[in-house]
Structure formats: C-alpha cells, structure tokens
Amino acid sequence: MAFIVAIDGPAGTGKGTVTKIIAKDLDLINIDTGAMYRCVALQALRQRVEPTESNQLIEILEKMEIQLKKKGENQEVCLNGENVSDKIRMPAIDAI
C-alpha cells in the first residue's frame with residue numbers, strides 16, 4: 001500500500017528535518033516541494049525569465065521534468081535529467 005505523509009508549517013520549524021528522518025527510517029522518498037520550487041527558479045534564471053512573467057513561467061513548467069531520487073543516505077534532485085542538487089541551493093536561487 002502506498003501512502004503520502006504531508007507535514008506543513010511555518011519556515012524554520014523543522015519540517016524538512018522531520019521528513020528526512022521519516023523518509024530514512026521508512027525507506028521512503030522525501031518529496032521536497034521547496035526543491036521543486038527551486039528547480040523552477042533555476043530554469044527561469046537559465047532562460048532569463050523574471051518571476052513576474054507568468055506566461056513564460058507556465059511554459060517553463062509545462063516543459064520541465066523534476067525527479068527526486070534516493071542515492072544511499074541522500075536524495076538527488078534532477079531537472080530535465082541533470083543533477084541540480086547543489087545548483088538549486090545557490091544564493092542566486094535563494095534570491096528568486
């Protein structure tokens with residue numbers, strides 16, 4: 001049986017830490033929505049699309065593929081087949 005656990009709350013309350021522990025203990029994939037948003041930001045930055053350009057962002061979303069993969073103890077974030085785990089944590093992405 002498949003199941004999804006969602007943890008919601010304000011920033012900085014430990015949601016990510018808790019989900020990583022649960023995912024590890026139960027051998028699950030942690031669906032990191034923050035990483036997914038960061039992938040959109042990275043692709044927008046690469047294509048020089050501003051966050052206010054809604055139509056262009058929709059086009060980006062329609063064409064992109066995000067994969068979350070378990071790699072031993074860690075999780076890899078892939079955008080269109082490229083491992084962007086480190087790139088989505090850059091200060092330029094934080095700013096977006």
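- Here the straight-line distance linking atom CD of Gln43 with atom CD1 of Ile93 works out to 10.0 Å at 0.5 Å rounding.
- In this structure, Ile66 is a member of the same hydrophobic cluster as Ile96, with clusters built from ILVMFWY side-chain heavy atoms closer than 4.5 Å.
- Looking at heavy atoms from C-beta onward, Arg46 lies in side-chain contact with Leu42 at the 4.5 angstrom threshold.
- Tested against Asp25, the residues Ile22, Asp27, Leu28, Ile21 include a single side chain to side chain contact (heavy atoms under 4.5 Å, CB included) partner, Ile21.
- No path of Ile, Leu, Val, Met, Phe, Trp and Tyr side chains, each step under 4.5 Å between heavy atoms, connects Ile60 with Tyr37, placing them in separate hydrophobic clusters.
- In Asp86, the CG atom is not crowded: 12 or fewer heavy atoms of neighbouring residues, nucleotides or ligands sit closer than 6.0 Å.
- Within 6.0 Å of atom NZ in Lys15, more than 12 heavy atoms from other residues, nucleotides or ligands are found, so the atom counts as buried in its surroundings.
- Considering NZ of Lys63 and CD of Gln47, their distance stands at 7.5 Å, rounded to 0.5 Å.
- Both Ile31 and Val77 sit in one connected hydrophobic cluster of ILVMFWY residues. Membership requires side-chain heavy atoms under 4.5 Å apart, directly or through other members.
- Without hydrogens or angle criteria, Asn83 side chain to Cys78 main chain gives no donor-acceptor distance under 3.5 Å.
- The distance from atom CD of Glu82 to atom CD of Glu65, rounded to the nearest 0.5 Å, is 13.0 Å.
- The distance from atom CE of Met36 to atom CD of Gln67, rounded to the nearest 0.5 Å, is 11.0 Å.
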